[in-house]
Amino acid sequence: MCGIVGYIGKKHSAPSFVVNGLKALEYRGYDSAGLVTVKDGRLLYQKNAGEVDNLAKELAGSGELDLSLVASLGLNSKAVKGALKKKLSRSSKELSKIFSPSQEKNKSSHISCGIGHTRWATHGRPTRKNAHPHTDSEEKIFVVCNGIIENYKELKAKLIEDGYKFVSDTDTEVVPHLIDSYLKGGEDFFKAFKAAVKELKGAYAIAAVYTGEPEVIYTARLSSPIVIGVGKGEHFIASDPSALINSTKKVVFLNDYEVAKITASKIHVETLDGGKTSKKEVVELDYEAEESDLGIFPHFMLKEIHEAPATIDSAVRGRVKPDINTIKLGGLESVKKKLTEIDRIIITACGTSYYAGLLGEYLIEEIAGIPVEVQLASEFKYRSEPFSDKTAIIAISQSGETADTIAAVKKMEEFGLLRLGIVNATGSTLARITDAGVYCHAGPEQSVASTKAFIAQVTVLTEIALHLSQGKSKLFSPMLKELWELPDKARETLKLEPQVKKLAERYSGMRDFLFIGRNYLYPCALEGALKLKEISYIHAEGCSAGEMKHGPLAMIDKNFPTVALACDGPLLDKTLSNVEEIKARKGPVIAIATKGNDSVKKLVDDVIYVPKTLEQLQPLLAVIVLQMFAYYVAVDKGLNVDRPRNLAKSVTVE
Ligand code: F6R
């Protein structure tokens, strides 16, 4: 989804820093990009539909980017020369403006200041005019915004009545005009900014610069993240700390209804109501600047699938101790006593994280004996249901920034119930608003389709189930041992890649797919279908094998293949009966079965054998095959695997 990056200081050139930051946020999904920067009295305002690289080319051509940065962006010199030629034929007024005499005093401070944005279209098509920053008619106030301004229509109508002219279809464009209306009313910029923000309804993170104060960035948020990075004589802003990863680990989180005025040397934060100053803590983020390059892999998705063994390992290491028959989850220590009292758990999440949650339900109920209910966060937040004070909520999120999941957790605040999180992104909103939780430690996930995060979430849910069982489950010791074996088994599963690739290429022309499984393999079937549809655009449905006769079987014919998750377990024979029913209707069947079980091969068209593990942990291996299958189908179709159409990595709006 949309991304914001900003810089103020002398150390970097703002255009270069902002473009680099926007590149780091590309994985979130976007369709246009833009920036505005000011330095020594000179304004640079540029935006484009399409990729950040297009923006970078334009800026490189106009001499506004460090050439070293141009090289790191991988822009070839031909492209830059092309843009340079373009610059010669373009009026300099279009790219840069000299400030009015009142700002001349700032001309030689060498402070470089700027904000940039990647936009994921919500209001209005992905065009240049709808790209951010948006500005007022005199091009003196520039605003970028993530999220949604729900009351923009009313605000726009009023501003039009007052004579303001709009050029875009976006909700964001009301903000610079609104600020301008307060400025014209005689307020100073900060007051005008606050007054405008106060009028906004919805969920937003906003950053603004004003040519009248070219050494300040203003920012505000409500239910959409913004973080301020702290450097030496410089500050940064970003909607996602990963954009700052190479510059600082020290950050200040802005809370809802707070506004900040940021200069190179100072961060001043106020709350919107009454303007009282709140003291902000500088937090040291617990993350390492990880390699974000692809290494030997052609796509992040494949790289991340291959990280499955390391992902399980880092979720298990230091927590699971089979030698002393113990599990220790440091993140739950502070709520240890409360956890012994709970009698109901609600798991809430979206998409892939929701399917991990469904597996959590099976795991916690079987291992810890506590009733669990899993709810889609988008439904849960609007439901009216009774809670006992012994209910706990577990929110699961890779990004920790999913708007619906955050809203679901916030809803529980009113009830005073225990809120736990299973989050991958350290320092994210969800990690901060829950009472306690367990980090996934999967490292940054760049591909839009979630792969390693699902594996980490299910591993952590297994650990939570074992932790809640207090060692009483008969599965306790065998599972502790098996969790240690699992990284090797995941490695073995990855060796199936050539086989899965061949299969994917054979089936990539199909229009529809069904994924079936029972018990622990049912949520895994749902996840397999989601993975295939989101990156290959093939219609895919997941269902419980037991549900086939209640409807889905009607779809089966020779052109409707089924992926049957048929690993060893107490319900295997039942799943195989369903497979026979499909075969009787000429439906092609690909099975995922346990190594050594030759009976499955006889029944199906194709089979992939995964290593044997405990029934409860089978999804962690089977899903690797499903992820690789979806990946190779999409590759065979020539699609953009890492950035599927219409989707965003982090869904920060409802
Ligand atoms: C699918 C996928 C999405 C996310 C969902 C929740 O591959 O990535 O379905 O799982 O948007 O995102 P998080 O886990 O960040 O809350």
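Counting starts at 1 for both ligands and their atoms, in listed order.
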Among all protein heavy atoms in this structure, tell me which lies nearest to [atom], with the distance rounded to 0.1 Å.
atom: atom 12 (O) of ligand 1; result: Thr402 OG1, 3.5 Å
atom: atom 11 (O) of ligand 1; result: Val651 CG2, 4.1 Å
atom: atom 15 (O) of ligand 1; result: Ser399 OG, 2.7 Å
atom: atom 5 (C) of ligand 1; result: Cys350 O, 3.6 Å
atom: atom 7 (O) of ligand 1; result: Glu534 OE2, 2.5 Å

Quiz item: cation-pi between Arg645 and Tyr537, 6.0 Å / 45°: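 Checked: cation-pi criterion met.
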
Between [X] (side chain) and [Y] (backbone), is there a donor-acceptor pair under 3.5 Å?
X: Ser239; Y: Ile4; value: yes
X: Thr311; Y: Glu307; value: yes
X: Lys411; Y: Phe380; value: yes

Closest approach of Ile228 to Ala260 (non-hydrogen atoms, all atoms of both residues):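 Result for this residue pair: CD1-CB, 3.9 Å.
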
Heavy-atom proximity to atom 10 (O) of ligand 1, best of Asp404, Leu647, Ile535, Thr352: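 The residue whose heavy atom sits nearest atom 10 (O) of ligand 1 is Thr352.
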
Residues that Ser544 engages under side chain to side chain donor-acceptor pair (under 3.5 Å), provided they are two or more places apart: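 For Ser544, no residue satisfies side chain to side chain donor-acceptor pair (under 3.5 Å) once neighbours in sequence are set aside.
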
Side chain to side chain donor-acceptor pair (under 3.5 Å) against Asp435, all qualifying residues, sequence neighbours excluded: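 Per chain and number, Asp435 pairs via side chain to side chain donor-acceptor pair (under 3.5 Å) with Arg419.
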
Numbered atoms and elements of ligand 1 in range of Ser397, under 4.0 angstrom, heavy atoms: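 That gives atoms 13 (P), 14 (O), 15 (O), 16 (O) of ligand 1.
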
Ala449 neighbourhood, listing ligand 1 atoms whose heavy-atom distance to it stays under 4.0 Å: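 Once the distances to Ala449 are compared, the set is 7 (O).
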
Ligand 1 contact on Val448 by region, counting heavy-atom pairs under 4.0 Å: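 Within the 4.0 Å criterion, Val448 contacts ligand 1 through backbone atoms alone.
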
Region of Lys531 engaging ligand 1 - heavy atom pairs below 4.0 Å: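 Just the side chain.
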
